[in-house]
**Student:** 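Before I ask anything, here is the structure I am working with.
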Amino acid sequence: QLKDVLGQEDPEQAKAQLAKFREKKIDLAKRDIPEEARGQAKERFGQARDRFNEVDGETKEKRDAFHDARDALKACEDDCEDEEAEVLAKAIEHVVNSGEKVVSHIDKVVAKIEGNENIDEERAGDILEKLATAKSEVEAAIADAKAATTKEELRAAAKEIHTIWSKVKHTAQAATARHINGRIHGLIKRSEVLEKKFDRVISAIEDNGIEIADLDAKAEEFSTHISTAQDFYGQSEAKLDEAKELKDADGETDAIKALVAEAKELGKQSHDALKKAHEIVVELVKEIKSADTAADLSTLPSDEVELVA
């Protein structure tokens, strides 16, 4: 439709064609999340991030304290009960620290997913359910570690935390990629709307007698970048779906990791294409404004409208 409008040599014919369009409100989000809920999710993410940074900052201290206690026990030659108790106490702190890092990382991902409107309800629910289960299991393992009275009990708790994280980390990584893709999806939908509203720029050009070199080529390039972004976005989502299916089938860890990495790279390429499309719009607006500072380029009351015949 945009090419048809741009292809009109007669400005009056172009305006007549645009007059046949009407505005229709469209829903850009894949699910409805109230503004208050999005704000709360953002706040929870900040809290989880701060907690993760705090716990992560304590990791070296906890590990070094455990190593020091272990070295002291090795050096002990007689009546070493106190040294043995100290090793267990420091080992417990170290294991609890590793568990708390996993919990706070899960909390970060959960908050991101809960506040993202561009991940559909079913997919978000599936991710959140898996992360909630993993968090509950890690918290139980942390409790076991704190209650451990022998190194065997502590080792069992530490193994449980490691096993849970090994299973869930790909879910967390894929969820992060889904979150990024969700944002890209929103940008793509808005860019599609912008593409369909290019007539506003065209009208400003015609009404003000402004000449812009290669206008048709620039509009074509804009559309190409949007199409490229859509293609990369689709490929990225497909990779994430493949990773999920492989994980559900207990597939190879390295293969899942590779698929998630590919999905992230494709998402980046999609975002880069959107940036190029945006640069074209900015360039056109600057050219119009430089030719006529009074040109009216104001948007409609809402950018979230679609032009339909």
**Student:** Under the disulfide (SG to SG under 2.5 Å) rule, what pairs show up with a residue in residues 83-151, not counting sequence neighbours?
**Tutor:** none

**Student:** Scan for disulfide (SG to SG under 2.5 Å) pairs involving residues 117-158, sequence neighbours excluded, and state none if there are none.
**Tutor:** none

**Student:** By the rule that ILVMFWY residues connect when side-chain heavy atoms come within less than 4.5 angstrom, directly or transitively, which residues belong alongside F45?
**Tutor:** none

**Student:** What's the shortest heavy-atom distance between K239 and A263, and which atoms?
**Tutor:**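 Reported closest heavy-atom pair: CB-CB, 3.8 Å.
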
**Student:** Is a side-chain donor or acceptor of S270 paired with a backbone partner of L266 at a separation under 3.5 angstrom?
**Tutor:**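 Looks like no, no N/O pair under 3.5 Å.
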
**Student:** What is the minimum heavy-atom distance between I142 and G99, and which atoms define it?
**Tutor:** CD1-C, 3.5 Å

**Student:** Test your reading of the model: is there a side-chain donor-acceptor pair from S136 to the backbone of A132, 3.5 Å cut-off?
**Tutor:**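 Judged by distance alone, no pair lies under 3.5 Å.
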
**Student:** For A273, give me all partners under side chain to side chain contact (heavy atoms under 4.5 Å, CB included), at least two apart in sequence or on another chain.
**Tutor:**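 T228, A229.
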
**Student:** Once side chain to side chain contact (heavy atoms under 4.5 Å, CB included) is applied, do any residues pair with A89, and if so which ones, sequence neighbours excluded?
**Tutor:** none

**Student:** Do Q269 and Q235 have side-chain heavy atoms sitting under 4.5 Å apart?
**Tutor:**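 Q269 vs Q235: side chains apart.
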
**Student:** Taking side chain to side chain donor-acceptor pair (under 3.5 Å) as the cut-off, I'd like each qualifying pair that reaches into residues 43-54, sequence neighbours left out, listed once.
**Tutor:**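 The answer is R44-E114, R51-E54, R51-E100.
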
**Student:** Under the disulfide (SG to SG under 2.5 Å) rule, what pairs show up with a residue in residues 90-119, not counting sequence neighbours?
**Tutor:**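 Counting only pairs at least two positions apart or across chains, no disulfide (SG to SG under 2.5 Å) contact touches residues 90-119.
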
**Student:** Under a 3.5 Å distance rule, please check whether S98 uses its side chain to pair with a backbone N or O of V95 as donor and acceptor.
**Tutor:** yes

**Student:** Determine whether V55 and V103 make a side-chain contact, defined as any pair of heavy atoms from C-beta on separated by less than 4.5 Å.
**Tutor:** no

**Student:** I'd like to know if D272 and K268 make a salt bridge, using a cut-off of under 4.0 Å between side-chain N and carboxylate O.
**Tutor:**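 Yes.
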
**Student:** Mind checking the NZ-NZ spacing from K112 to K42? Nearest 0.5 Å is all I need.
**Tutor:** 8.5 Å

**Student:** Please set out all donor-acceptor pairs under 3.5 angstrom arising from side-chain atoms of residues 62-83, sequence neighbours excluded.
**Tutor:**
from	atom 1	to	atom 2	distance (Å)
D64	OD2	K60	NZ	2.7

**Student:** Between E262 and E265, does the side-chain contact (heavy atoms from CB on, under 4.5 Å) criterion hold? Intermediate values first, please.
**Tutor:** CA-CA 5 Å; E262 288 181 57; E265 178 58 29; 5.8 Å; no

**Student:** Just how far is it from atom CG of N97 to atom CD of E58, taken to the nearest 0.5 Å?
**Tutor:** 6.5 Å

**Student:** How would you list, by chain and number, every residue that makes a side chain to side chain contact (heavy atoms under 4.5 Å, CB included) with D56, sequence neighbours excluded?
**Tutor:** F52, T59, K101

**Student:** Is atom CD of E122 surrounded by more than 12 heavy atoms (other residues, nucleotides or ligands) closer than 6.0 Å?
**Tutor:**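 No.
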
**Student:** Find the distance between CZ (F232) and CD (E237) and round it off to the nearest 0.5 Å.
**Tutor:** 15.0 Å

**Student:** Using salt bridge (charged side-chain N to carboxylate O under 4.0 Å, His left out) as the criterion, list what pairs up with D107, not counting sequence neighbours.
**Tutor:** K135

**Student:** Quick one: do L131 and I164 end up in the same hydrophobic cluster if we chain Ile, Leu, Val, Met, Phe, Trp and Tyr together by side-chain heavy atoms under 4.5 Å apart?
**Tutor:**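 As far as the 4.5 Å side-chain criterion goes, I164 and L131 are connected within one cluster.
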
**Student:** Identify the heavy atoms of K218 and I280 that sit nearest to each other, and give their distance.
**Tutor:**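 In terms of heavy atoms, the two residues are closest at O-CG2, 3.8 Å.
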
**Student:** What pair of heavy atoms forms the shortest contact from A124 to I113, and how long is it?
**Tutor:**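 Reported closest heavy-atom pair: CB-CG2, 4.0 Å.
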
**Student:** Can you check whether E220 reaches T224 side chain to side chain, under 4.5 Å on heavy atoms?
**Tutor:**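 Result yes, sub-4.5 Å side-chain heavy-atom pair found.
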
**Student:** Could you pull out all residues at least two apart from E93 that satisfy side-chain hydrogen bond (donor to acceptor under 3.5 Å, both in side chains)?
**Tutor:** none

**Student:** Return all side-chain donor-acceptor pairs below 3.5 angstrom for residues 153-160, not counting sequence neighbours, or 'none' if the list is empty.
**Tutor:**
from	atom 1	to	atom 2	distance (Å)
E153	OE1	T149	N	2.7
E153	OE1	T149	OG1	3.1

**Student:** Between S166 and H162, is there a donor-acceptor pair closer than 3.5 Å when you use the side chain of the first and the backbone of the second?
**Tutor:** yes

